[in-house]
Amino acid sequence: MWKSWLFPLLGALALVAVARAGLAVMSGDGWGGSATASGEHGRARAAIEREDWPAAIVILEKLVSERPFDDDAHTLLAFANRKRGRMDVALDHYHRALELNPYHRGALEYLAEARIERGELDAAHALLARIVTVCSRAELPACPEADELRAKLSARRHDAR
């Protein structure tokens, strides 16, 4: 008798798990995909932490070719290229990440940092405003991307004096 309710329950739990996995992929967070993708993200982040830009770029170029919809991979690839001094390539990937997910706070912040590096302070301030709007609409208790960007803009203003 207990089997009559057990199998429908297990089936319902399986459906919930599948639905949650699908929502993670659709959310554009870049972490909802396969274990291979998240493993590659981890390897790329480790290379970035070591400031091993060539290794990070190789990993991320492969990941982007396999998962062109991965906004996080585009953002990290842009970051590594910017640190490597390849600003044009970086800008292309920041823009691609934001085409995929216009609310990606990391891509917005790093693109703003690239604009600061290029002396395009008005563009950086406009990106800061976008980050603040994104954080506000998401009702986040804190917005570290905005805080970090404000500090960089303030430091740039002090350096210009």
What distance separates His125 NE2 from Arg130 CZ, expressed to the nearest 0.5 Å?
16.0 Å
Please tell me whether Ile57 and Ile48 are part of a single hydrophobic cluster in this structure, the criterion being side-chain heavy atoms less than 4.5 Å apart.
yes
Look up atom CG in Asp71 and atom NE2 in His104, then write down how far apart they are to the nearest 0.5 Å.
4.5 Å
Between Leu63 and Ala73 the two heavy atoms that sit nearest each other are CD2-CB, 3.8 Å
Once rounded to the nearest 0.5 Å, what's the spacing between atom CG of Leu60 and atom CZ of Arg43?
9.5 Å
Kindly compute the distance separating CZ (Arg96) from CZ (Phe69), expressed to the nearest 0.5 Å.
11.0 Å
In short, Ala56 meets Ala44 closest at the heavy-atom pair CB-O, 4.1 Å
Shortest non-hydrogen contact from Leu108 toward Val134
CD1-CG2, 4.2 Å
Who passes side-chain contact (heavy atoms from CB on, under 4.5 Å) against Ala123, sequence neighbours left out?
Arg115, Glu120
Run the side chain to side chain contact (heavy atoms under 4.5 Å, CB included) test on Lys152 and Leu128 for me, step by step, so that the C-alpha distance in whole Å, both residues' side-chain angles and the decisive distance to 0.1 Å come before the verdict.
CA-CA 11 Å; Lys152 288 182 175 152; Leu128 172 59; over 6 Å; no
Does any N or O in the side chain of Arg156 come within less than 3.5 Å of the main-chain N or O of Ile116, such that one atom is a donor and the other an acceptor?
yes
Heavy-atom pair of closest approach, residues Leu149 and Ala124
CD2-O, 4.2 Å
Tightest non-hydrogen contact, residues Tyr94 and Ala107, listed as CD2-O, 4.1 Å
So salt bridge (Lys or Arg N to Asp or Glu O under 4.0 Å) across residues 100-112, not counting sequence neighbours, yields Arg105-Glu145
Mind checking the CG-NE2 spacing from Leu76 to His41? Nearest 0.5 Å is all I need.
7.0 Å
Checking Glu117 now: which residues fulfil side-chain hydrogen bond (donor to acceptor under 3.5 Å, both in side chains) with it, not counting sequence neighbours?
Arg82
Report the relative orientation of the aromatic rings in Trp53 and Phe79; use parallel for angles under 30°, tilted for 30 to 60°, perpendicular for over 60°.
perpendicular
Do the charged groups of Glu40 and Lys62 touch, with an N to O distance under 4.0 Å?
no
For Arg137, does the CZ atom have more than 12 heavy-atom neighbours from other residues, nucleotides or ligands under 6.0 Å away?
no
How many angstroms lie between CG in Asp52 and CZ in Arg84, if you round to the nearest 0.5 Å?
9.0 Å
Side chain to side chain contact (heavy atoms under 4.5 Å, CB included) between Leu91 and Leu111, intermediate numbers included:
CA-CA 7 Å; Leu91 292 174; Leu111 177 57; 3.6 Å; yes
With hydrophobic residues grouped by side-chain heavy-atom distances under 4.5 Å, do Leu77 and Val89 end up in a single group?
no
Ala97 and Thr75 have their tightest heavy-atom pair at CB-OG1, 3.3 Å
